[in-house]
Each structure stands twice: as C-alpha cells, then as structure tokens.
Amino acid sequence: MHHFIRRIVGSQESGLVLVLVLVTIALVVLAGSHPDRATGATINNFWNPNTIVQTATDASFFAIMAIGATFVIISGGIDLSVGSIYALSGVAVALLLRKLGPMSDITTVGVGFATCAGVGLLCGLLNGALVVGLRVHPFIITLGTMWVLRGVAFVATKAESITLPTALTAFTKASLGLRGGLYPVPMLFMFLLTVLGAIYLTRTVMGRHIFAFGGSLEASRFAGLSLARIQIGVFAASGLTAGIAAFLGAGFYGSASSGDAQGYELYVIASAVVGGASLLGGKGSAIGAMLGALLIVLIRQSIRTLHFDQNYEWIVIGCAIIIAVVVDQWSTRATARQLSRAADNVRTSA
Amino acid sequence: MSVLRGEGPTREIAARLEHVSKRFPGVQALRDVSLEIAAGSCHALCGENGAGKSTLGKLLAGIQSADAGALFVFGRAVHFTSPREALAAGVAMVHQELAFCDNLSVAENLCLGRLPTRRGLVDGVETRRHATALLTETGTILDVNGRFGDLAIGHRQMVQIAAAVGGGARIIVFDEPTSSLSQVEAERLYALIRRLKARGVTCIYVSHRMPEIFALCDTVSVLRDGALVATRAVHDLTESQLVEMMIGRPLAEYFPTHGPALVGDEVLRAEHLTCPGHFQDVSLTLRAGEVVGLAGLQGAGRSEVACALFGLEHVTAGRIFIRGSGARIGSPQQAMQFGIGLVPEDRKKQGLVLSDSALHNASLPTLNRLSRFSWIFRARERRAVRSLFDRLRVRAPSMDAVVAGLSGGNQQKVVLAKWLAARPSILILDEPTRGVDVGAKAEIHALIGELAAQGTAILVISSELPEVLTLAERVLVLREGRLVGELPRAKATQDSVLRLMAGLAS
C-alpha cells in the first residue's frame, strides 16, 4: 500500500493533479451558489453535475487531439496542423454524408466515424511522409500543411457551413440516461482515448521506441530502430486523434465548415506541454495531456463562473500556461530529489 | 622521472581543502577531504569512477560548491559560487563540456566577454591579434579564424587552456583531458602542461591513466568512495601500488586469466569494402571465439569500418559474407538479424538515451523478443535486465534510475548489457573502455574474454594500444582508410603496431 501511494505521488502527473485540485477547490469556494428552481436546495455554481460535465465536454475535443500531439512532442517534433486536420475531417464527413443521402442511423454513425478517422489518419501519414521523405523539420512541414489542409477544406466546401445528419448529433449528444442537458459522450471518448494512449506509450514496443527516438535520435539509430516508421507513426497518431475529435465536434455542433477549430493547434500544444511533455522530446504522457487540457478549460471556465471580465480570458490563459509549466517543473524536481533520497536510504540500510 | 620537484618544505601552498564534503542526490561524492596542493606542482587526483576526483576538481574551479568544509587559494579563504569567481581568484578548469561557442571563430571565443570594439563595432584585427597572443603564450599555433566547432578535440583543449591562462589562471584543473585524444594529441598536451609547469602554473590532473600520472605528476592523491585514501609523492610509488590504493584490493583479483581461445569457423568475411571519404578496399575476417583488434590513429577510419559492418555507413563497393553466404547489410536492423552487435564509440550520444532509465536503455534493441504484438512483458524485461546487470555488476540506485546520473563505467556497462541481451554472434566494440575506471575496465576485459570463450567473434577498436595488444589474437592496422597490416599476437608489439599506424618503415 505504502509502495502504491509512493508510486502515485512520485508519478509524473502528481504536480498537475495537485494544481487541478487546488484550482477546483478555489472555484468551488469562490463560485457562490444559487437555489435550485424546482427543489429550492442550494446548488454550488461550479460544483454541480451540469457545469462539471460541460467543462469536461469542452475540454474533450482538444484533450483528444492533445493525446496524439503528445506522441509527436515526445518524439521531439511538433504538429501545427491538427486544427486544420480537424476542419478537413469534419468537412469531409459532412460532404460525404450529404452526398450519400439518408441512411440508417447506425450506418451514418459508422460511416461518419470511419471517414473522420480515415481522413485524419491520412493527413497524419502525409505529414509524417513529408517530414521523413523531405527531411524537413516537422515545424515547417506542419506549418505548411496547416494552411494547405484548411485550404483544401475551404475549396471543397466553397466556404459554406454544411449541416450534418441528426443521427450523428443524436450519437454524440446521447444523454446515456443522465438528466437532460448533459452530454457525456465526448468526455467518455476522451477518457477512453487517454487510457489507450497511455497504454500505447508506456506498455508497447512502439511507445518505448517513441521515447527513445525523442530522447536520442543517434542512440535509436545505433539500437537498430526503424526511425522512419516511428516518425510517420507519431504523426499518424496525431492525425488520427484530430480526426476523432472532428467526428465528435461535427456531430456535437451539428455542422462543419472550413473555419472550424481555428487556433486549436495552440490549445493542443499548450495542453500537452502543461501536461508535462517536453518540447525537447523524450518526455510526456497521455494522462498529462488530458489533465493539461482540463486545466486550461477549467481556468477559462473560472472566468465565466466567477464573473470576471471575459476580455481578459487570453491574458489569464497565457499566464496560467506559463505558471502551470513552471509549477510542474518544480514538483518534478522535488519528487526526483525525494525519490533519490529514498533510494539512498534503501541503499544505506541494505 | 621528473626532477623538477619542490625547493623544500617551505614551499607555497596553492590550494588547501579542509574537511570538505559534498553530497549529490543518492551519492556522498566527497566526505571530509583535507588536502594541500603545492604551488607550481603537478598534482594528480586519481581514483575509480565515482570516487569523487572530478567533483573535487569542480569544487576548486567553482563549478560546484561544497556542502561543508573550507577552501583556501593561495592562503585566502574562498567561497566560489561560479567559475567566473574562481577564475578571478586564479583557478580554471579544462574539461570537455566547457562552454565555448562552436559556431564562432577561435579568435571570437578567446575574446568572448571582452571583445575589442572600435566605434561600437567589433574590431576584427584586434580580436585576432589578442587571440593569437594568448595562444602563443601557451606555445600553441592555430588558425584563429577557423570555427571553434571545426577543431579537433585536442586543439579545442589547447584553446581552452590558452583562455584559462590568458584569464589569469594560476591553478588549472585538467579533468581526464586525454580521454578522447589520439596519441599524438595527448603528447602535444603533455608538452603544453610541462611548459605551464615551467612557468609556475599549478596543474591539478584528474586521471586514472597510470602512464600519464607517472610521466607528468609530482604528487598524487588517491580518492576512494569520496574519501581521501592518501597523498604521496609519485616517485615513491609503483604503478601497481597506486592501482591497489585506488581499488582498495590486491591487484591480482582484477586480471582474471582465461584459457587460450579456441578459434572456430569464420563467421564474417568482408571483401574490398569501400566507403568514399572514409576507407577503401578493406578486407577482413572474423572467426568464432576470436578477438580481433583494429588499431589506427584517430581519423584512420576505424569507427567507419565498424559502422559499415553494422549497416550505418553506405558502402559503395565490396561484399560481406556471414557464415559463408553473401549478406547485404543496409541497416542496423539487418545487421542485427545477421547476429551483429555494435557497442558504439560515443556512449553518451550513440549508446544511450540519456533521459531514459537504465532498464529501458538496456532492453531497447531487444524489446521485440520481450513482447508479443508490441505488448511488453515488463516482468520478463526486468528479469532479463536484472540478470545482465548482475552479471556485469552494474551499480545503480535502481534499474529505473535515469542513465544520465550514472558514472561513466556504469553507463558503459549499460551499453554492454544492451548488446549482450541481443546475444550477438559477432560483437563489435568501439572504444569499450573509454573514460572507464580501472576496476570496470578489468571487468569489461574479463567479459570480452568470456564472450570469446563462448564462441562470439569479437572486433575491438581502441585508441589505447595496450588494450588492443592484451585482448586481441590478431591486430589489424588501418592508416588513412586503408588496411596496412595484420599482425598475429606474437608479432604485435607496441612498436610494430605504432610503426604501421604512423606509416614508418620497420
């Protein structure tokens, strides 16, 4: 049991969890409360199912993308095109479903998911192939595809917004038995993909290879890893998660346009970095990325809940990102010291 | 032996340490060390890796600060918090990770921080003049317009030393300065150190290379596990006494004997390999159970031949046969499939992912064997790595410790573990003991013998000729990218190999 607690406290994400908990407590305390219209019971303005689920739902779209982006960042790269991949995937599914006409609900959802995931994956593979094939830094390649892919979406839609079949909205906004006004599906996808991403990164050979690649390209080469496969793989993962986010987002908002998810790439990168990923490569986690996204949305939410001037949102978020990363670095260093001291005690007593 | 020893007991003390202790997370690097260093002497600090000798040097040079104890430089109590303060007091350190800008010229580097200007612009002429003057002062001749990053390691050190002396250093700490130098560069460095000494500069020489200590130094202080074992005059010691002080055990234990190698069938044959710009027409054979040495000066193409055999260099001509059949080795993956392993020259860059744990590093090339459908069996991984670490006697706080924090010897053992795990039938070792202490070195040598006895074909590349001569049954000599000789053990002597390396008639 003691060992288990130490593992939790010593884990990479512990500092972030602490910050999240503190922000949440602050919000709960400061938010105030209002009486429930039906029952008259007192309800906290933040700590109620509605606000909580809504916050998580808000976070889920770019949390999902941040998981894929974390793969790229661990490998030492960066993916600026995720917002554009999101837009293109959403537009692709809207156009395809409009062309196919009415289908059964389940087929619509199936085709929709496959299209979004497929388009996202293809865009990711394209990024990866360009980075590997042209030997150009990912920053440049994805800066280029960021504009190209959004441009493709723009041309394909002729700049109009296309509505999606109600079947998709019904799926992504399914209440799953919760009271009205709560839409937990995107949030559940977020949790599911976080778990899958975490497992992939920490328990599989490919995941291990990504860390090695990001930690030292030379050493990975000398260890006989297939570098091209690793690099294409991380971009494919990033594209795939952007496609899945687009599927959820398009369904959730009921329409898709080439202007969707503009500027998301920066939220996504911020989430990954707040979640402990190092832009130098070799460090990061899927759980961290999700927590990072949650923290950013929570801070945005707090501006609304606490009735601050909304005009200050960007300033607050910008500061919060810097503070979060600095706090994370401190706590990482502190736990590293603690662990080595513990290891020391073990050795001297042995 | 040197005759330039002290003028008597009243000699000035350049640096004095009193009860100095220093602790790093997980390690007591120095405990209660008291030491005096005579002015104008060359004082060796030696000990195994992790003994604290480098830490001691860094304390003196202000790169690290002591937790307890006092430090006196020329009789004055000092508390350095930065290398700049140390230099102001006359202490500088020459080590490989020193902050010089690779992208600037030698002259700019030497004048950095006080670049001469004219009307607000950098005065190039004055910069070059000043830099040349600094270099000449230490007897070094170099093109000061060249980019610092383009210099060979030996020349970089010369520049660093010139900068230290020019900055007013009267005590210079050398931290294993010859560990990546060729023989010729090392000789040049020895000459420079002798010149410095003649000018009254106190040299503190951190090393574990016996010949250097005996050739250069007057006094030696031995450290073990952070504590001072003894300080002695070098001329009162023999080499084996010094080694015994360092390892704290009789020497005999460290050189295990293994029976004569039973050389088996040919496992690798390379014919007329050519890699433009690196080497031409290299043919060699490796047999099971045989240790072959590859000698040559730095830049002769030794590492490139190793890389070519491992699929990392593109070969334009020639063929490789593995167990008699033609093999195309275009990538390390293919090389590994043929049973080839390579322990690379630069362990920090090529051998290890420094940010990762010892465990993950050790299992990296063999993860496919420890997994199914990409799923890693972590318990199996741990067991496999644990047994290798036990066999190699890797000393780490835990397998999950980040390798960047391990000592050089232990890092090298992790790299070896990595390739032992792959159970190669052909193992290429490029500088297997560079920067490794005496104890670990002997262990690695024993391991090489053991592997050969089990039938592994081994190719050893080393800049240390004695190492090649002790280990190898056969020595191949490269000069300027060409194989210029092959000597059986009986004929391979320091002299014969050196002559071939340098291209002198025998």
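Remember, it's a predicted structure, so these values are computed and weren't measured experimentally.
For the set B:S331, B:G405, B:S355, B:P344, the entry with the most heavy-atom pairs within less than 4.5 Å of chain A is B:P344. Note on A:G214, A:G215, A:A219: by heavy-atom pairs under 4.5 Å with chain B, the leading option is A:A219. Residue with the most contacts toward chain A among B:D346, B:N361, B:I376: B:I376 (heavy-atom pairs, distance under 4.5 Å). Each of A:H209, A:R221, A:M206, A:R208 has some count of heavy-atom pairs under 4.5 Å with chain B, and the biggest count is that of A:R208. Counting heavy-atom pairs under 4.5 Å between each of A:G282, A:A212, A:G207 and chain B puts A:A212 at the top.
For A:I199, the part lying near chain B is the side chain, with the backbone staying farther off; criterion is any non-hydrogen pair under 4.5 Å. Proximity to chain A is limited to the side chain of B:S363, based on heavy atoms less than 4.5 angstrom apart. Both the backbone and the side chain of A:S226 come within less than 4.5 Å of a heavy atom in chain B. In this structure, the portion of B:E381 lying under 4.5 Å from any heavy atom of chain A is its side chain and not its backbone. Only the backbone of B:L352 comes within contact range of chain A, judged by heavy atoms closer than 4.5 Å.
Ring geometry for A:F62 versus A:Y267: interplanar angle under 30°, hence parallel rather than tilted (30 to 60°).
A distance-only check finds no donor-acceptor pair linking the side chain of A:T70 to the backbone of A:A289 [under 3.5 Å]. The closest donor-acceptor contact from the side chain of A:S216 to the backbone of B:K349 lies under 3.5 Å.
Closest approach of B:L342 to B:A306, counting heavy atoms only: CD1-CB, 4.1 Å.
Ion pairing between B:D400 and B:R382 holds under the 4.0 Å rule for side-chain N and carboxylate O.
Counting heavy-atom neighbours within 6.0 Å of A:F139 CZ, excluding the residue itself, gives a total of 12 or less.
Taking the ring centroids of A:F71 and A:Y200, they lie under the 6.0 Å cut-off.
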